[in-house]
Chemist: 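I'd like to ask some things about the structure below.
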Amino acid sequence: MALQRKKRDHPNGKADFNELEDDAYESVGFHDYGDYFERKKRKLQNQNAALYRDTEESSTSNIFKGLSMAINGYTNPSYSELRTMIIQNGGTFVQYVDKKTSLSFLICSFLTPSKANQWKHHKVVTPQWIVDCINKKKLLPWTNYRAIQPVASQSLLSFPETYRERDSQLSKQHHESLKVDSQVEDALPSYNEEQTEMKERSENLPDSLKSLSNSARHNYLLLKNPNIRKSTTQNPEFLQKFFNSSRLHHLSTWKTALKEEIQIMTASTGLTSSRNLKSINEKHFIMHVDFDCFFAAVSTRNTGDLQLKPVAVAHGIKNSEIASCNYEARKYGIKNGMFVSTAKSLCPSLVLVDYDFDAYEAVSREFYSVLVDTPNDYLKVISIDEALLDLTNHVQCFEDCVNIAESIRTRVRMKTNCDVSVGIGSNVLLARLALRKAKPHNVFYIKDEDASVYMQSLPVQDLPGVGPSQSSKLFELFNVKFVGDLQRLNKNVLQKSFGTNYGLHLYNISRGIDTDVITNETPRRSISVDVNWGVRFVFLEDAMDFLKRLLQELLNRMSKCDVSLHQLQLRVLKRPENVSFDPVKYLGAGEVTPLTRSIMFTSATKSFDILYKRLTNLFISLDVDPGDVRGIGLQASKIVKDTKNEKLFNFNAPIKTPQKKIVSGQFGSPNRLHSQAQEFDKSNEDNDPSLARDTFIPSTPYDLPSSSQISPGVLAQLPQSMQGSIKRQLDVQNKRIDEIPSQLDPLFLKELPTPIRNEVKEDHEITINKRLKLKSHALPNVKVPEDTVKKIQQQDAFERMLRPNKKEKKQYLPQVDLQVLEELPKEIQESVLEENRLSRYDLAREVKMKPNPVISFQQKQSIDDLRELLAKWYQKSPRGPNSHDVDYFSRYLGRVIREERNLLKAQALVRWLQQLNRKDKTAAWQTAIEKTIEAVQEACLVRNTPPLVLL
Ligand SMILES: Nc1ccn([C@H]2C[C@H](O)[C@@H](COP(=O)(O)OP(=O)(O)OP(=O)(O)O)O2)c(=O)n1
Ligand SMILES: [Mg+2]
Ligand SMILES: [Mg+2]
């Protein structure tokens with residue numbers, strides 16, 4: 001029997017059915033459970049409709065107009081009294097509530113803990129609120145009548161002055177959605193709608209706040225909720241909480257700490273300089289070891305039954321990201337980085353477990369102790385769960401590597417009850433590709449002779465340094481999709497299109513040739529603190545206050561390492577203009593434009609006052625609306641040691657120490673690492689008190705070339721602090737300067753590690769420029785004594801080295817694309833920057849100047865125009881779209897995500913298609929929509945952002 005429903009604008013509960021024809025009154029029979037509830041709901045709605053009819057005349061006020069309410073459990077006044085009170089005062093009474101019902105308020109006196117948990121994201125008030133509102137004849141702030149005490153994660157907005165607008169909107173949306181017709185409502189508020197809503201809501205703002213920008217007002221209203229405020233930068237304890245629970249923070253801290261420890265161990269075993277025994281051309285054996293689903297495995301390692309179930313580690317909130325999921329969960333299509341809500345829709349039985357940072361750290365230490373016990377040439381920390389080993393001098397063939405790999409796997413399993421996988425190859429690239437193949441729970445190796453063939457079928461994006469821009473350029477120019485296609489391209493052609501360095505890189509890696517060698521860990525060159533979640537400011541003062549706390553945190557970290565800084569960088573993540581105020585991720589940064597600025601200090605400092613003053617000016621100079629700030633970071637670079645007793649590392653120690661191999665068991669316990677290191681430092685200091693006295697930390701620990709290659713001329717051109725350091729090191733190494741060439745010695749330069757060489761070269765260039773400048777400006781008759789000129793040159797050179805040379809760099813600005821650059825491997829990034837004589841700072845400004853392009857589809861760009869287009873497309877193809885059109889549109893969505901970088905737009909368009917097909921549910925359209933969703937999620941993956949919620 002067809003359900004006849006008159007379309008009326010009645011709110012929920014007022015639906016006017018023809019009772020006689022409504023099958024809600026038929027017996028339930030053998031219908032399914034869902035059907036039973038559907039019927040029950042309609043039955044109750046009909047009863048309410050009758051009640052509304054009766055009370056229409058007798059209604060006393062409209063104070064609850066636009067609000068929908070339900071009652072739960074025992075109440076005083078009674079259920080029926082309350083119901084009448086609600087209806088008589090214009091409210092909508094909802095008799096039956098399920099998950100889909102949008103409700104303004106739930107009225108109840110008491111909730112059991114489980115119910116309280118279930119309703120924690122709703123407004124739950126006591127019956128007294130109804131009574132008092134009616135007595136006072138106005139809506140009173142509901143927060144004074146809460147039946148559930150707020151919880152920290154509550155994400156519901158509650159603004160005493162404005163909730164009515166919001167609720168009536170919610171309730172309107174809900175009723176619109178109840179209508180079974182072709183009217184399609186917008187799934188997400190568009191940016192314009194958000195702006196309009198903001199304007200309406202802002203009318204309730206105090207006068208003093210009316211001058212605020214829209215984004216600041218938005219934050220003001222958002223932060224009115226104490227629960228939300230508690231989770232943001234407005235909370236004085238925010239930083240501590242943030243760092244305690246931020247997995248990314250933990251990951252980076254662990255990595256730094258592990259690197260330092262491994263560095264100490266390798267230094268103490270004397271493996272540093274003598275280990276590069278084989279040249280790059282000789283065959284190497286590289287091993288890449290990585291835990292399988294690290295966080296998830298650690299969290300379930302002692303729970304046999306959980307290991308067999310799909311498990312993910314996340315904070316548990318709907319829009320939180322999955323940090324790690326086990327391979328059982330991956331069978332359902334769940335991936336690391338996915339939102340919990342998406343994952344749950346793929347696998348409702350997914351078990352969520354919380355983070356256990358202490359356990360991850362402990363397991364990682366066991367892991368590294370096994371690796372340190374494995375004879376190796378180099379051990380490089382990649383992350384908490386992952387390392388590279390160079391075994392070249394310890395094995396003869398791949399089979400030896402496999403045996404070692406199996407032994408590592410067994411020992412790690414015994415110590416941690418978790419699995420690692422191992423990839424082996426003759427270089428880092430092949431080891432990495434082999435690891436991918438080995439996962440999970442296995443060992444795999446790729447021989448050189450198989451590499452080329454093995455790689456042919458890989459998409460080019462699987463290659464290191466090939467990101468979306470490069471791969472789409474490769475596709476556009478040469479129709480290249482797979483590595484096999486790339487292998488067919490000539491080296492010259494690649495270099496012409498992609499530049500000398502990157503062209504060569506592409507040519508090499510497509511053949512499995514990787515010149516990246518595993519080198520020693522470099523000492524810490526910078527210390528930073530970054531916060532990219534929960535950053536919400538209203539006023540400039542908020543930003544200043546937070547900067548203060550962040551600077552304090554940076555100084556604390558610096559003080560732990562006993563360093564001062566020469567350079568301080570401020571990094572700000574800014575919401576671009578047409579991006580929503582509220583990112584998809586709750587209080588996250590969302591889509592942002594990064595801005596960076598640095599300040600240089602001629603003398604090293606760690607003074608809060610000096611730094612804070614410059615920092616605030618720097619922030620102001622960025623001219624960012626405080627409401628638009630979504631993330632802030634500080635980085636101390638060009639750091640110098642400021643105490644004589646270096647605790648961890650002796651940067652000026654002679655690198656060559658007696659050969660001492662790691663023997664099995666030596667580093668069995670992680671705590672021994674520290675004590676071992678300290679002993680090592682101590683013994684060195686005992687032997688030679690002149691060590692560890694200098695303050696400058698070079699970018700890389702360096703061994704000096706033979707004395708004949710160091711000229712006093714060169715030395716004189718170095719920054720003074722470096723001169724001191726080199727002279728002392730020469731003393732230590734018993735080297736003398738016995739030649740006096742007058743200019744930069746190429747041999748000497750060649751021997752220096754690249755970063756130092758660059759510094760020296762830059763410095764030299766500046767000195768030369770300065771000299772030229774001095775010449776041209778010198779008054780013809782004034783003779784400056786030569787000594788003085790030299791001194792000025794040296795001093796100036798050092799100062800200028802610490803200052804960015806704006807004029808010089810400006811003219812090179814437009815040649816490098818930051819997005820392209822970021823996808824390249826670090827080394828290539830540096831060389832591109834060097835080639836273009838640019839710093840990242842310049843590029844960030846460049847990005848700021850050039851907004852993302854808005855991509856057109858059939859000459860349409862705005863969401864509204866595109867929706868119109870899609871609606872026409874849908875109407876014209878009732879039996880489903882042409883597959884080429886679907887591909888075409890999917891590709892467009894991909895570009896919206898990758899190039900226009902507008903996630904919300906892509907989301908809104910797909911949802912629109914879903915809405916269009918909601919009524920008829922045409923299967924062909926459904927398939928087409930799924931295809932577009934796939935394209936969208938793939939583009940998100942490429943961009944490294946979590947998938948959009950589209951189910
Ligand atoms: N963006 C990231 C990257 C990593 N991790 C954490 C969770 C991971 O468990 C751990 C290791 O990262 P991997 O990339 O090695 O991922 P898994 O070990 O989880 O999975 P796989 O088996 O693919 O290595 O680091 C994280 O929280 N967020
Ligand atoms: Mg892993
Ligand atoms: Mg890893």
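Both ligands and their constituent atoms are indexed starting at 1 by order of listing. Note that this is a predicted model, so its numbers are computed, not measured.
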Chemist: Which is closest to atom 2 (C) of ligand 1 in terms of heavy atoms, His250, Arg247, Glu321?
Modeler: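 The residue whose heavy atom sits nearest atom 2 (C) of ligand 1 is Arg247.
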
Chemist: With a cut-off of 4.0 Å, which atoms of ligand 1 are near a heavy atom of Asp290?
Modeler: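 Numbered from 1, ligand 1 contributes 15 (O), 24 (O).
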
Chemist: Considering Phe295, Tyr327, Tyr360, Phe294, which one's heavy-atom position lies nearest to atom 22 (O) of ligand 1?
Modeler: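 Ranked by closest heavy atom to atom 22 (O) of ligand 1, first place is Tyr327.
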
Chemist: Arg411 vs Ser407, test: side-chain hydrogen bond (donor to acceptor under 3.5 Å, both in side chains). Steps then yes/no.
Modeler: CA-CA 6 Å; Arg411 281 180 290 155; Ser407 138; 3.2 Å; yes

Chemist: Quick one: does His441 get a heavy atom under 4.0 Å from ligand 1?
Modeler: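 Contact check His441 vs ligand 1: negative.
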
Chemist: Would you say Ser324 has any N or O atom under 3.5 Å from an N or O of ligand 1, going by distance alone?
Modeler: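 Looking only at distances, the answer is yes, because the N/O contact criterion of under 3.5 Å is met.
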
Chemist: Any non-hydrogen side-chain atom of Phe243 less than 4.5 Å from a side-chain atom of Thr253?
Modeler: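 The answer is no, as the side chains (C-beta and beyond) never meet within the 4.5 Å cut-off.
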
Chemist: Decide yes or no for Asp292 and His441: does some side-chain heavy atom of the first lie under 4.5 Å from some side-chain heavy atom of the second?
Modeler: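 They are in side-chain contact.
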
Chemist: Which of the numbered atoms in ligand 1 are below 4.0 angstrom from a heavy atom of Asn336?
Modeler: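 Result: 16 (O), 17 (P), 19 (O), 20 (O).
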
Chemist: Out of Asp419, Asp385, Val420, whose heavy atom is nearest to atom 11 (C) of ligand 1?
Modeler: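 Of the listed residues, Asp385 has the closest heavy atom.
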
Chemist: Under 4.5 Å between any side-chain heavy atoms of Cys293 and Tyr327, yes or no?
Modeler: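 Touching, per the 4.5 Å side-chain cut-off.
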
Chemist: What atoms of ligand 1 come closer than 4.0 angstrom to any heavy atom of Asp292?
Modeler: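 Close to Asp292: 22 (O).
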
Chemist: Can you tell me, to 10 degrees, how wide the angle at the Mg ion (ligand 2) is between O on Phe291 and OD1 on Asp290?
Modeler: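 Output for this angle: 70°, rounded to tens.
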
Chemist: Would you say Glu386 and His288 make side-chain contact, with heavy atoms under 4.5 Å?
Modeler: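 Glu386 reaches His288 side chain to side chain.
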
Chemist: Within the 4.5 Å heavy-atom criterion, are Arg413 and Arg409 side-chain neighbours or not?
Modeler: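 Arg413 vs Arg409: side chains apart.
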
Chemist: Are the side chains of Arg571 and Gln635 in contact, using a 4.5 Å heavy-atom criterion?
Modeler: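 When only atoms from C-beta onward are counted, Arg571 and Gln635 do touch, with a gap below 4.5 Å.
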
Chemist: With the side chain counted from C-beta on, respond yes when Phe546 and Arg549 share a heavy-atom pair under 4.5 Å apart, and no when they do not.
Modeler: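 In short, these two side chains touch, coming nearer than 4.5 Å.
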
Chemist: Give the numbers and elements of all ligand 1 atoms closer than 4.0 Å to a heavy atom of Phe291.
Modeler: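 By the 4.0 Å cutoff, the relevant atoms are 18 (O), 21 (P), 22 (O), 24 (O).
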
Chemist: Taking the N/O/S atoms of Asp385 one by one, which is nearest to the Mg ion (ligand 3)?
Modeler: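 Closest to the Mg ion (ligand 3) among those atoms: OD1.
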
Chemist: Return a yes/no value for Leu251: is any of its N or O atoms, backbone included, closer than 3.5 angstrom to an N or O of ligand 1?
Modeler: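 No, no N or O pair falls under 3.5 Å.
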
Chemist: Numbering the atoms of ligand 1 from 1, which are under 4.0 Å from a heavy atom of Lys439?
Modeler: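 That gives atoms 21 (P), 22 (O), 24 (O) of ligand 1.
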
Chemist: Taking the side chain as everything from C-beta on, heavy atoms only, tell me whether Tyr360 gets closer than 4.5 Å to Val313.
Modeler: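 Yes, their side chains come closer than 4.5 Å.
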
Chemist: In the protein, what heavy atom is nearest to atom 23 (O) of ligand 1, and what distance, to one decimal place, separates them?
Modeler: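 The closest heavy atom on the protein side is Arg330 NH1, 3.1 Å.
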
Chemist: Can you check side-chain hydrogen bond (donor to acceptor under 3.5 Å, both in side chains) on Ser426 and His284, steps first, answer last?
Modeler: CA-CA 5 Å; Ser426 66; His284 279 247; over 6 Å; no

Chemist: Considering only non-hydrogen protein atoms, determine which one is nearest to atom 7 (C) of ligand 1 and report residue, atom name and distance to 0.1 Å.
Modeler: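 So the nearest neighbour among protein heavy atoms is Ala323 O, 3.4 Å.
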
Chemist: Looking only at distance, does Ala296 have an N or O less than 3.5 Å from an N or O of ligand 1?
Modeler: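 N/O-N/O distance under 3.5 Å: no.
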
Chemist: Among the N, O or S atoms of Glu386, which one sits nearest to the Mg ion (ligand 3)?
Modeler: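 The atom in question is OE1.
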
Chemist: Taking NZ, NE, NH1 and NH2 as the nitrogens, is one of them in Glu321 or Arg247 under 4.0 Å from a carboxylate oxygen of the other?
Modeler: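 Yes.
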
